[in-house]
Structure formats: C-alpha cells, structure tokens
Protein chains: 2
Amino acid sequence: MNLEGALAHRDNRPVGAYCSIERALDVLSTRSAMLVLREAFYGATRFEEFAARADLTDATTAARLRDLVRTGILDTRPYQEPGQRRRHEYVLTPAGNDLMPALFALLQWANRHDPPPYPPQLTHHHCGQPVSIEARCEAGHPVTTDDITVTAAGPFGLDDPIAPDG
Amino acid sequence: MNLEGALAHRDNRPVGAYCSIERALDVLSTRSAMLVLREAFYGATRFEEFAARADLTDATTAARLRDLVRTGILDTRPYQEPGQRRRHEYVLTPAGNDLMPALFALLQWANRHDPPPYPPQLTHHHCGQPVSIEARCEAGHPVTTDDITVTAAGPFGLDDPIAPDG
DNA sequence: CGGCATCCTGTATGATACTG
DNA sequence: CAGTATCATACAGGATGCCG
C-alpha cells in the first residue's frame with residue numbers, strides 16, 4: 001500500500017480530519033447499529049422485527065433506528081393496516097443500500113476466518129454462483145492490498161508522497 | 001434479498017448465534033479497533049505510530065493492539081535497531097489483510113455519501129485506475145442487494161425458505 | 001403494537017502519571 | 001520508545017415500567 005498527499009503521515013500527524021473511515025464510524029461504530037442495519041438488509045421494516053431479530057432491547061432499538069434515520073441510512077414510511085392506527089416502517093435509503101458491500105465484507109471475513117456453525121452463504125439470485133465482496137479496479141483487475149495507492153489532495157500539497165512500507 | 005434456511009427468521013427468532021456479522025463485530029465493533037486497523041493498512045507498525053496517527057491514548061492503543069493480536073488480526077514481530085534494545089512491531093496477518101475490503105468499503109461509502117474535505121482516493125498501483133469495493137459473483141456479474149440470496153444450512157432445516165421482501 | 005423514560009451496569013476512551 | 005497504572009467521564013446497552 002502506498003500513501004500520497006494528505007494521507008502521508010508527516011510528523012505522525014493524525015489523519016482523522018481527512019479520513020472517510022472515521023466519518024463512516026461516526027454512524028456505524030456500535031454493535032447495535034450494525035445489527036439493525038443487518039436486519040434492514042435481511043428484510044425487517046418494523047420496530048418489533050428489528051428488536052426481536054437483532055436481539056436488542058426496545059430502548060436500544062429505538063435509539064439506533066432514530067440515529068440511522070437521522071443520518072440518512074434509513075427512512076420512515078407511513079403505512080396503515082386495516083383497523084389499526086397509522087404507523088411507520090423503516091426502509092433503507094439509497095445511501096443505506098450502498099452499505100451492502102461493507103456489511104457483507106464483514107460477513108465474508110468471519111465466514112473465512114471465524115466461521116459460525118452454519119455460515120450464511122451469499123448467492124447470485126440469477127445465476128446461482130457464490131457472491132464475494134472484493135476490490136477491483138475500473139479496468140476489471142482484481143486488486144490486493146499491496147496493489148492499492150491511496151491519494152488525497154489536501155492543504156499539505158501533493159508534493160511529498162510517502163510510502164511507509166517502501 | 002432472499003433468505004433461506006437458518007437465516008429465515010421464523011417466529012422472529014434472533015439470528016445472532018449463526019451470524020458471521022456478529023462474530024466480526026466481536027473484534028471490530030469499537031471505533032479504536034477500526035482506527036488501529038486502518039493505520040496498519042496505511043503502514044504503521046510501531047506503537048507510537050498507531051497512537052499518534054489514530055489519535056488514540058497510549059492506554060487505548062495498547063488495549064486495542066493486544067486485542068487485535070489475540071484475535072489473530074495482527075501479529076508481533078521482533079526487531080532490533082542498532083544500538084537499541086530488542087522491540088517488536090505489529091504486522092497484519094493474512095486474516096488481518098483479508099479485512100481490507102471491509103475497511104475500504106466503509107471508506108468508499110463515506111466518500112460517496114458524507115465526503116470529507118479531501119476524500120482519499122484508491123487507485124490500482126499498476127494500471128492507475130480507481131479501485132472500488134463491490135459485490136460480484138463467480139461468474140463475474142456485478143451484484144446488487146436485490147440480486148443476493150442468503151442461505152444457511154442449520155438445525156431448522158432447509159425446507160422453509162422465506163423471502164421477507166417477496 | 002410501537003415506542004419512550006428511567007435506572008443501572010459495564011465498557012470505551014481520555015488525561016495524567018509512572019516504569020523499564 | 002514502548003508501554004502500564006490509575007482515575008474520571010461518556011456512552012452502549014439491559015431491565016423495567018409507562019403511555020398512546
């Protein structure tokens with residue numbers, strides 16, 4: 001892995017302010033957030049589904065759903081069952097849907113390195129082949145960690161590329 | 001998304017015991033763990049590098065490094081600089097390296113949906129093309145959330161596929 | 001059913017000081 | 001440099017009960 005630009009840690013300066021990973025963690029760094037998100041991908045839409053399937057308390061479920069709605073990952077949609085009062089259900093926004101690779105990359109990793117008794121398998125619904133989460137460049141090449149260069153324009157300029165591993 | 005087998009939430013039973021995502025979260029659900037991991041990918045190997053770059057206290061850094069070594073994501077390697085006493089550095093194991101897609105999927109997501117002032121870009125070192133983390137089946141098809149079927153053999157049997165969204 | 005309020009415990013993390 | 005020890009704070013999350 002090579003680092004260039006603002007990401008080069010000159011003087012061991014913290015990179016946080018410019019780091020997208022930290023921004024993602026602001027929303028997803030808690031266990032309950034990831035579990036609620038998992039259930040959204042698995043098809044849950046109602047409060048009780050989230051709480052029961054993710055095995056969280058009502059209070060935690062309510063707090064996490066609120067956070068995920070506030071940050072634009074879930075959206076509430078009103079619905080009304082016959083004879084019932086008006087309620088709302090929780091659905092993934094496009095931004096929420098875009099978290100699929102992140103969530104399933106974790107699933108894939110644990111499947112490989114710390115598999116549960118009955119590892120969940122991901123399959124392409126149309127062709128039946130296994131699905132994997134992988135890094136790939138626009139030219140179509142599979143990419144390993146060592147093949148990646150990280151660059152960022154920034155106030156420190158681009159004139160001082162540093163490759164910590166090289 | 002379709003669910004089959006043990007992952008079908010019959011009776012809204014918690015799926016946790018069989019879920020790889022939870023197992024991954026056991027190691028990575030804290031902010032500091034992800035930040036230490038990020039620095040490992042960015043080339044940090046020594047205690048002070050981790051602490052300074054991730055902007056964590058010494059105590060947190062020490063605890064997280066210990067956890068990540070214990071869970072097989074980092075390994076310690078002895079080294080000795082001339083005139084210095086023997087120390088050790090922290091390097092990614094193969095299992096740790098395998099977390100690259102998970103970490104960069106988060107980076108990619110925040111780059112798209114909550115970009116920092118200077119978003120870090122991932123580039124294929126060999127061909128110069130942008131790198132993305134994506135779901136793809138073995139036949140080579142790009143796969144969206146709706147194209148994925150999740151299956152798991154389990155004690156509940158495979159005789160009751162449920163597709164919550166269909 | 002779909003939440004919210006309150007209390008309580010455990011943990012994540014920072015600040016500071018200390019050790020080898 | 002590479003940590004450990006101690007204290008203090010904030011938050012995650014469970015248990016319980018309330019409310020429309």
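Letters go in sequence order (proteins before strands), and every chain restarts at 1. Fair warning: this is a prediction, and the values are worked out from it, not measured in the lab.
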Among the nucleotides D:dG3, C:dG2, D:dA15, whichever has the atom closest to the side chain of B:H88 is D:dG3

B:L28 atom CG is separated from C:dT11 atom P, nearest whole Å, by 18 Å

B:E22 CD to D:dG13 P, in whole Å, measures 11 Å

To the nearest angstrom, the CZ-C1' distance between A:F47 and C:dC4 comes to 9 Å

Evaluate the ring planes of A:W109 and A:H113, with Trp represented by its six-membered ring, and classify them as parallel (under 30°), tilted (30 to 60°) or perpendicular (over 60°). tilted

Rounded to whole Å, the CD-P distance (B:E89 to D:dG3) equals 11 Å

Between A:A33 and A:D58, the residue closer to the 5' end of DNA chain D by nearest nucleotide is A:A33

Tell me whether the rings of A:H126 and A:H124 are parallel (<30°), tilted (30 to 60°) or perpendicular (>60°). perpendicular

- Message: I'd like to know if the side chain of A:R23 reaches the main chain of B:D114, judged simply by a donor and an acceptor atom lying under 3.5 Å from each other, with no hydrogens or angles considered.
- Response: yes

Regarding the side chain of A:R64, the nearest nucleotide among C:dG3, D:dA12, C:dT13 is D:dA12

To the nearest angstrom, the CG-P distance between A:L56 and D:dG14 comes to 6 Å

Of the listed D:dT4, C:dC4, C:dG14, the closest approach to the A:R66 side chain comes from C:dC4

With the side chain defined as heavy atoms from C-beta on, A:T30 is closest, among D:dA12, C:dG3, D:dG3, to D:dA12

Between CG of B:L74 and P of D:dG3 the distance, given in whole Å, is 12 Å

For D:dA15, does either OP1 or OP2 sit under 4.0 Å from a side-chain N or O belonging to A:T57? no

| said: Using side-chain hydrogen bond (donor to acceptor under 3.5 Å, both in side chains), reason through A:T93 and A:D75 one step at a time and then give a plain yes or no. | reply: CA-CA 6 Å; A:T93 63; A:D75 199 3; over 6 Å; no

Of the candidates C:dG3, C:dG14, C:dG2, the side chain of A:R46 sits closest to C:dG2

- Base, sugar-phosphate, or nothing: which does A:F50 touch, judged by heavy atoms less than 4.0 Å apart? nothing

Whole-Å distance, B:L25 CG to D:dA12 P, equals 15 Å

Checking D:dA2, C:dT13, D:dG13 against the side chain of A:R31 (C-beta onward), the nearest is D:dG13

Looking only at D:dC1, C:dG3, C:dG14, the nucleotide nearest the B:E48 side chain is D:dC1

Rounded to whole Å, the CG-C1' distance (B:D26 to D:dA12) equals 15 Å

Worksheet item: Contact class for A:A59 vs. all strands (heavy atom < 4.0 Å): base, sugar-phosphate, or nothing?
Response: base

CD1 (A:I73) and CG (A:N97) are apart, to the nearest 0.5 Å, by 11.5 Å

Touch check for B:S32, heavy atoms < 4.0 angstrom, all strands: base, sugar-phosphate only, or nothing?
sugar-phosphate

